[in-house]
Amino acid sequence: MAEAYVLMSELVHEELGWNSETFDSIMDGYVMAGEVDKAMKTWDEMTQRRLAPTALNYITLMRLFGKRKDFEKVQQTFSLLQTFRSSDDVRPLVDIYNTYLEACLDCEKPEAAFSGLQCMKSNGILPDSGTYFLKLATLDKLQHIDEMFETLREIQEAGLTVPAP
């Protein structure tokens with residue numbers, strides 16, 4: 001990851017200039033590598049450069065807080081992402097909710113993930129296969145076996161496949 005950061009720095013310096021998307025790529029790489037402190041430093045560097053965070057940056061930040069098991073910051077970031085709904089810079093809402101569900105599970109808060117699923121449904125946001133995977137994981141943690149079978153029927157009816165864990 002350090003080599004990727006150096007290479008990205010060289011490319012950006014020579015050709016592109018730093019922007020929020022560049023920082024998000026670096027942050028996301030650190031989060032995936034489990035290096036959450038470096039991801040947070042990257043966020044700090046981005047804000048020091050006075051770059052405006054995008055919805056994608058906040059989604060990555062929410063994943064980071066989930067990996068840190070900082071549920072309060074997961075909640076704050078999810079609330080902040082709700083303000084992006086009316087802007088042009090919004091990822092599909094299903095991505096926001098899926099990231100929230102994953103972060104809740106990372107924080108060992110399956111009740112919050114279940115609440116997020118209910119909120120998603122009440123807001124008319126259609127689940128994708130990732131949502132169903134997270135729903136099954138949530139129901140498993142809560143030991144809601146009957147709802148797991150119901151969810152498997154929903155998946156089959158929707159013609160979706162859910163990735164194996």
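- A donor-acceptor contact shorter than 3.5 Å links the side chain of N123 to the backbone of C119.
- Two residues are said to be in side-chain contact when any heavy atoms from C-beta on lie closer than 4.5 Å; L61 and Y58 meet this criterion.
- Residue pairs satisfying the side-chain hydrogen bond (donor to acceptor under 3.5 Å, both in side chains) criterion with at least one member in residues 105-122, sequence neighbours excluded, are listed as follows: K67-D106.
- Side-chain atoms of T131 and D128 include a donor-acceptor pair closer than 3.5 Å.
- The distance from the CD atom of E35 to the CE atom of M40 is 15.5 Å, given to the nearest 0.5 Å.
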query = Run the side-chain contact (heavy atoms from CB on, under 4.5 Å) check on T151 and L139 step by step: do they pass?
reply = CA-CA 9 Å; T151 300; L139 295 172; 3.4 Å; yes

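- From D95, atom CG reaches atom CG of L56 across 9.0 Å, with rounding to the nearest 0.5 Å.
- Under the 4.5 Å side-chain criterion, counting only non-hydrogen atoms from C-beta, Y132 is not in contact with L152.
- Side-chain contact between K73 and R68: absent, with no pair of heavy atoms (C-beta onward) separated by less than 4.5 Å.
- Here the closest heavy-atom approach between residue A55 and residue L81 is recorded as O-CD2, 3.7 Å.
- Listed here is the closest heavy atom pair of I155 and L136: CD1-CD1, 4.0 Å.
- With rounding to the nearest 0.5 Å, the separation of CE in M27 from CE in M46 is 6.5 Å.
- Taking the side chain as every heavy atom from C-beta outward, Y100 and C104 approach each other to under 4.5 Å.
- In this structure a side-chain-to-backbone donor-acceptor pair under 3.5 Å is missing from T42 to F23.
- Within 6.0 Å of the NZ atom in K41, the count of heavy atoms belonging to other residues, nucleotides or ligands does not exceed 12.
- P110 approaches T138 most closely through the heavy-atom pair O-CG2, 3.4 Å.
- Atom CZ of residue R50 and atom OG1 of residue T47 lie 9.5 Å apart, to the nearest 0.5 angstrom.
- Once rounded to the nearest 0.5 Å, the distance linking CG of D70 with CD of Q75 reads 10.5 Å.
- Listed for the N19 side chain is a donor-acceptor partner under 3.5 Å among the backbone atoms of E21.
- Across every non-hydrogen atom of L160 and S129, the tightest pair is CD1-N, 4.1 Å.
- The same ILVMFWY cluster, assembled from side-chain heavy atoms under 4.5 Å apart, contains both M148 and L142.
- Linking ILVMFWY residues whenever their side-chain heavy atoms come closer than 4.5 Å, directly or via other members, leaves L126 and F114 in distinct clusters.
- When all heavy atoms of G66 and V74 are compared, the closest pair comes out as N-CG2, 3.6 Å.
- If you chain together hydrophobic residues whose side chains sit under 4.5 Å apart, I59 and L80 fall into the same group.
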task = May I have the step-by-step check of side chain to side chain donor-acceptor pair (under 3.5 Å) for N57 and T60, ending in yes or no?
result = CA-CA 5 Å; N57 296 133; T60 302; 6.0 Å; no

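- Hydrophobic clustering of Ile, Leu, Val, Met, Phe, Trp and Tyr side chains at less than 4.5 Å, counting indirect connections, keeps L101 apart from M32.
- With ring centers used as reference points, Y97 lies under 6.0 Å from F78.
- Here the closest heavy-atom approach between residue M120 and residue P127 is recorded as CE-CA, 4.0 Å.
- Going from atom CG of L105 over to atom CG of D140 covers 10.0 Å, rounded to the nearest 0.5 Å.
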